Amino acid sequence: MRRTKYAILLLILSLVLTGCGIFTPSEQELQDSIPTLSLTAGRYRYQIPTGGYSWSVYNRFGGGSHMATDTAHPLQAVDDLMTVSLTGGETVTLTFSRTPDTVEVTYWSVGDEVGSQGTSLETSFLDDSFLFTAPEETTDLVFQITAQWTSYEDVGGTVSYPFTTAVSEE
């Protein structure tokens, strides 16, 4: 009788551990885990939609799921991008639902050729947000925020957040 109890207990334990090891999130759970970006410029706050990404969710046993999507270059999708009002020289705050390890800010003039390198802006990190200064440009701009998550045990990847602006001079 005692051996039977141990055998049943061992069987239950192995089923539980096996079940945890094969857990893979659904496609919707994977998409829901992609961090969101809130951009604050002046008195306005915007939720910037996700562009292309390569994103993984891991379980505690090293397994998990991966999803990637490729999107058009932001210059090719200008008409479909959210428009954000920026004033040249103002500080722009980027707040993510999960803080990334690195953030790159690149911009182009709307008339630039697709494939042009764009201009990178310096970012700083303060109070759980990334900051950059809006460029002093007189033309409409296309931005792409690219963030990477590399130090988390449960998720990781790269996500882009494109948007367009009409830079105003105040």
Side-chain angles (χ1 to χ4, degrees), residues 18-86 90-108 110 112 114-135 140-167:
T18 302
C20 292
I22 63 171
F23 166 76
T24 55
S26 70
E27 187 173 320
Q28 186 62 48
E29 289 171 324
L30 191 60
Q31 286 180 328
D32 289 346
S33 72
I34 295 172
T36 58
L37 169 59
S38 176
L39 180 149
T40 305
R43 61 182 182 210
Y44 299 105
R45 183 178 210 140
Y46 305 89
Q47 287 299 122
I48 306 299
T50 302
Y53 57 85
S54 175
W55 192 252
S56 298
V57 175
Y58 310 106
N59 62 31
R60 61 184 170 199
F61 298 104
S65 292
H66 178 78
M67 178 182 277
T69 184
D70 192 19
T71 58
H73 189 283
L75 287 171
Q76 293 174 312
V78 171
D79 294 336
D80 299 324
L81 300 178
M82 173 181 274
T83 300
V84 172
S85 294
L86 292 182
E90 82 178 320
T91 299
V92 179
T93 304
L94 305 173
T95 307
F96 296 85
S97 59
R98 182 182 285 235
T99 305
D101 296 293
T102 63
V103 171
E104 295 177 18
V105 177
T106 306
Y107 75 92
W108 300 264
V110 169
D112 285 352
V114 172
S116 64
Q117 196 170 21
T119 302
S120 294
L121 295 176
E122 185 176 321
T123 62
S124 58
F125 186 74
L126 178 67
D127 296 330
D128 293 327
S129 296
F130 288 85
L131 311 170
F132 71 91
T133 302
D140 293 344
L141 302 174
V142 176
F143 281 80
Q144 180 160 279
I145 309 300
T146 305
Q148 288 189 311
W149 290 261
T150 57
S151 65
Y152 291 90
E153 292 182 11
D154 61 335
V155 297
T158 302
V159 182
S160 68
Y161 304 87
F163 62 93
T164 187
T165 68
V167 176

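Note that the structure is a prediction, hence the values are computed from the model and not measured.
Rounding to the nearest 0.5 Å places CG of L94 at 5.5 Å from CG of L39. Rounding to the nearest 0.5 Å gives a distance of 12.5 Å between CG of L141 and OG1 of T106. A distance of 12.0 Å separates CG of L86 from OH of Y44, quoted to the nearest 0.5 Å.
Taking the side-chain contact (heavy atoms from CB on, under 4.5 Å) definition, one finds that S151 meets it with D101, sequence neighbours left out. Every residue meeting the side-chain hydrogen bond (donor to acceptor under 3.5 Å, both in side chains) condition with S129, not counting sequence neighbours, appears here in chain and number order: T95. Under the rule for a side-chain contact (heavy atoms from CB on, under 4.5 Å), the partners of T50 that lie at least two apart in sequence or sit in another chain are I34, Y53, V159, Y161. Take T36 and apply the side-chain hydrogen bond (donor to acceptor under 3.5 Å, both in side chains) test, not counting sequence neighbours, and it matches S97. Under the side-chain contact (heavy atoms from CB on, under 4.5 Å) criterion, Q28 pairs with S26, Q31, D32, not counting sequence neighbours. Residues passing the side-chain hydrogen bond (donor to acceptor under 3.5 Å, both in side chains) test with T123, sequence neighbours excluded: none. The side-chain hydrogen bond (donor to acceptor under 3.5 Å, both in side chains) test applied to W149 returns no partner, not counting sequence neighbours. Considering only residues two or more places apart in sequence or on other chains, F132 meets the ring-ring contact (aromatic ring centres under 6.0 Å, His included) condition with F143. Judged as a side-chain contact (heavy atoms from CB on, under 4.5 Å), and not counting sequence neighbours, the contacts of T99 are F125, F130, Y152.
Residue pairs meeting the salt bridge (Lys or Arg N to Asp or Glu O under 4.0 Å) criterion with at least one member in residues 37-57, sequence neighbours excluded, do not occur. The salt bridge (Lys or Arg N to Asp or Glu O under 4.0 Å) pairs that include a residue from residues 147-160 are R98-D154, where partners are two or more places apart or lie in different chains. Pairs engaging residues 66-84 under the side chain to side chain donor-acceptor pair (under 3.5 Å) rule: S54-H66, S56-H66 [sequence neighbours left out].
Other residues, nucleotides and ligands contribute only 12 or fewer heavy atoms inside 6.0 Å of the CD atom of Q117.
Put simply, the side chain of W108 gets close to the backbone of S116: a donor and an acceptor are under 3.5 Å apart.
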Task: Check against side chain to side chain contact (heavy atoms under 4.5 Å, CB included), T165 and Y107 - done: CA-CA 10 Å; T165 68; Y107 75 92; over 6 Å; no
Open item on the list: Pair I48, I145 - check side chain to side chain contact (heavy atoms under 4.5 Å, CB included), show working.
Closed with: CA-CA 10 Å; I48 306 299; I145 309 300; 6.0 Å; no
- [ ] Could you go through the side chain to side chain contact (heavy atoms under 4.5 Å, CB included) check for W55 and V57 one step at a time?
- [x] CA-CA 7 Å; W55 192 252; V57 175; 4.0 Å; yes
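Contact record, S33 with L30: OG-O, 2.7 Å, taken as the closest heavy-atom pair. Residues V103 and A147 approach most closely at CG2-CB, 4.2 Å, considering heavy atoms.
Side-chain contact between Q144 and P162 is present, with at least one heavy-atom pair separated by less than 4.5 Å. Annotation: side chain of L121 is not in contact with side chain of T133 (no heavy-atom distance under 4.5 Å). Inter-residue side-chain proximity for P49 and M82 is flagged as met; some heavy-atom pair is nearer than 4.5 Å.
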